[in-house]
There are 2 protein chains.
Amino acid sequence: MELRQLRYFIKAKELQNFTEAAAQLFISQSTLSQQIKQLEDELGTPLFNRIGKHIYTTEAGNLFYSYALQCLNKANDGYQLLKDLSKLQTGTLVIGTSYGLRHILTPALVKFHQKYPKVVIQVLFGTSSEMIDRLCRFELDIVMTFDEVESRKELKYRPLFESTLGFIVTKDSPLAKKKSISLQEIKQLKLALPAKGFSTRNFVDEIFVQHQITPQVSLEINDIPTLLELVGTGHWNTILTNTSVSNQSHLVSVPISKVKNPQHAVLISLTDVYEKQAVKAFLKILSD
Amino acid sequence: MELRQLRYFIKAKELQNFTEAAAQLFISQSTLSQQIKQLEDELGTPLFNRIGKHIYTTEAGNLFYSYALQCLNKANDGYQLLKDLSKLQTGTLVIGTSYGLRHILTPALVKFHQKYPKVVIQVLFGTSSEMIDRLCRFELDIVMTFDEVESRKELKYRPLFESTLGFIVTKDSPLAKKKSISLQEIKQLKLALPAKGFSTRNFVDEIFVQHQITPQVSLEINDIPTLLELVGTGHWNTILTNTSVSNQSHLVSVPISKVKNPQHAVLISLTDVYEKQAVKAFLKILSD
DNA sequence: ATAATTGATCGTTATTACCGATTGGTTTAA
DNA sequence: TTAAACCAATCGGTAATAACGATCAATTAT
């Protein structure tokens with residue numbers, strides 16, 4: 001049984017006339033006759049009664065018609081779905097992102113959703129190492145994070161922008177008015193930092209190692225909003241990319257002196273893998 | 001798009017391996033590769049990501065899979081339907097029935113035979129317990145009888161109609177003119193009853209027990225036509241469903257007073273078992 | 001009667017599904 | 001590092017078959 005035969009059968013049944021059906025199908029009458037016969041042979045029962053020059057469907061033909069239609073419709077639905085997908089009328093976009101990038105993520109999500117409202121978006125915050133693992137396991141379509149030290153060839157890196165680290169304190173703190181703060185000063189203060197694995201944490205650790213300074217890390221946490229809330233209480237200070245506190249009015253970012261610390265925000269995807277239409281569209285919106 | 005390609009795609013997607021899929025489909029790997037490629041070209045999007053020696057379905061492939069499956073299932077459903085239907089051209093229908101139901105059985109058999117002349121019909125009269133045993137041993141397709149006290153979950157009961165018991169006497173008997181007869185009067189008379197196991201007998205026994213009356217059962221017999229013949233001699237009387245004597249002009253059924261005795265005629269079949277097309281057709285005819 | 005219409009059939013052609021062998025890439029084992 | 005194993009893609013050739021035109025047989029309309 002082939003879809004071709006079902007298409008022929010349906011047309012023939014609807015027109016009750018092989019010659020006309022063949023014409024509409026742009027095939028010869030003999031071809032239609034043969035293909036119907038072949039289908040009947042496979043099904044083991046006639047689909048048409050041939051009475052003189054007229055044909056009409058048998059009981060079997062009438063019953064089978066409904067299934068043939070449904071079968072063809074399913075095939076067509078699948079076809080249409082993929083055509084829609086290429087026009088982004090459907091599908092899913094799964095984004096992994098660092099918390100420090102949400103200020104560029106959120107407006108991009110809004111724009112994307114306005115343009116492609118039928119695409120379902122999933123956003124996952126997490127550590128960059130965790131997200132890259134997920135990316136390699138095909139659980140994510142794209143990762144937005146700050147770049148890692150090593151670069152892997154199975155990953156494709158698209159730079160977004162640079163951001164510097166800042167020392168985060170409450171607006172009311174005496175430190176809030178300083179124009180800059182040195183690592184030596186920071187060494188005296190209790191820090192709350194993102195847990196190991198976060199790209200910012202990796203970067204902070206690296207800086208302290210470079211300057212041979214051991215900071216007082218009195219709290220580690222793997223949730224940035226909570227970290228910011230804790231810093232807001234005034235009991236801790238932290239170091240984050242400036243962009244992480246851009247919408248936190250009660251917190252202030254003080255530049256760290258004598259430290260070259262630009263972090264590079266990047267988009268990471270898999271190389272040599274078919275890239276979803278939704279990913280392409282999303283990248284286009286981000287780059288605007 | 002052809003069903004062949006959908007079949008290939010589904011197998012490849014399920015095994016995530018072209019070589020193995022081709023083997024299971026009994027085609028060469030090159031053929032599978034070509035057909036998948038052809039399908040992808042028609043759909044305008046890759047269905048598989050080819051990364052290294054592994055393949056896995058793209059988003060499009062995953063979405064399309066469901067439709068491909070449904071499409072194939074519809075085709076298969078249609079195929080199965082016609083195979084079932086064609087069995088009505090050759091199959092057998094084995095019916096077990098109580099004697100009391102022959103008045104509805106015979107016209108149904110005639111109609112069924114006119115519609116499906118090639119189906120061989122076997123009819124077996126017997127006790128309901130015997131027939132239900134046979135049904136469970138798959139020796140019968142369907143049983144027509146009066147309902148038993150207990151209902152088993154492996155059996156499916158379809159009610160047909162209700163019938164009452166009557167006291168059967170010859171037309172010439174002085175009792176024939178009575179408008180009703182009480183159990184006390186019956187107690188004085190010699191009875192010929194169907195053998196134990198017949199549903200009517202079970203029901204009659206139960207009624208006597210309920211009224212704490214012991215009847216004079218002077219004859220038991222497991223063949224209803226013979227029983228009726230004996231009753232016709234005037235030496236015995238009996239108790240049967242009224243429908244049993246509906247075509248016996250020399251016998252009369254006298255209602256039994258003060259006894260709630262509707263018997264429920266039912267069709268019994270096995271649950272959770274494939275129901276023959278012939279059975280469905282027969283049920284349809286019966287219900288008309 | 002005759003012509004027109006229709007589906008089935010026959011012989012042929014064009015297409016294509018299929019195969020085996022090979023290639024090029026990657027992964028695994030030595 | 002090299003060799004072996006594995007896998008999908010590709011190529012050229014063959015067998016299967018979808019398609020065609022012509023014709024036949026049957027029915028219907030004129």
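Letters A, B, ... mirror the listed sequences (proteins, then strands); counts begin at 1.
Rounded to a whole Å, the CZ atom of A:R7 is 10 Å from the P atom of D:dA19. Distance CD1 (B:I55) to C1' (D:dA8): 8 Å, rounded to an integer number of Å. The CD atom of B:E40 sits 13 Å away from the P atom of D:dA8 (whole-angstrom rounding). Atom CD in B:Q5 sits about 13 Å away from atom C1' in C:dC18, given to the nearest Å. Whole-Å rounding puts the B:K37 NZ to C:dT16 P distance at 16 Å. If you take CD1 of B:I27 and C1' of D:dA9, they are 15 Å apart, rounded to a whole angstrom. Here the C1' atom of nucleotide C:dT6 and the CG atom of A:N49 are 16 Å apart, to the nearest Å. For B:Q38 and D:dT10, the CD to P distance is 13 Å, given to the nearest whole Å.
A:F48 comes within 4.0 angstrom of nothing in the nucleic acid, heavy atoms only.
Not one N or O on the side chain of A:E40 forms a donor-acceptor pair closer than 3.5 Å with the backbone of A:T45.
Side-chain nitrogen and oxygen atoms of A:N17 include none within less than 4.0 Å of the OP1 or OP2 phosphate oxygen of C:dT5. Contact between the side-chain N/O atoms of B:Y8 and the OP1/OP2 oxygens of C:dC18 is found at a separation under 4.0 Å. Close to C:dT6, at under 4.0 Å from its OP1 or OP2, lies no side-chain N or O of A:R50.
Taking a 4.0 Å limit (strictly below) on heavy-atom distances, residues 28-36 of chain A reaches DNA chain C at A:Q29, A:S30, A:S33, A:Q34.
Ion pairing of A:E14 with A:R7 is absent here, as no side-chain N (NZ or NE/NH1/NH2) approaches a carboxylate O to less than 4.0 Å. Between A:K111 and A:D288 there is no salt bridge, since none of the side-chain N atoms of the basic residue sits less than 4.0 Å from a carboxylate O of the acidic one.
Environment of NZ in A:K280: crowded, with over 12 heavy atoms of neighbouring residues, nucleotides or ligands closer than 6.0 Å.
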side-chain hydrogen bond (donor to acceptor under 3.5 Å, both in side chains) for B:K13 and B:N62? Distances and angles first, verdict last.
CA-CA 8 Å; B:K13 136 100 191 176; B:N62 278 320; 2.7 Å; yes
Practice task
Could you walk me through whether A:N49 and A:T58 pass the side-chain hydrogen bond (donor to acceptor under 3.5 Å, both in side chains) test, one step at a time?
Solution key: CA-CA 6 Å; A:N49 275 318; A:T58 59; 5.6 Å; no
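If you check the side chains of A:S66 and A:Q70, you find a donor sitting under 3.5 Å from an acceptor.
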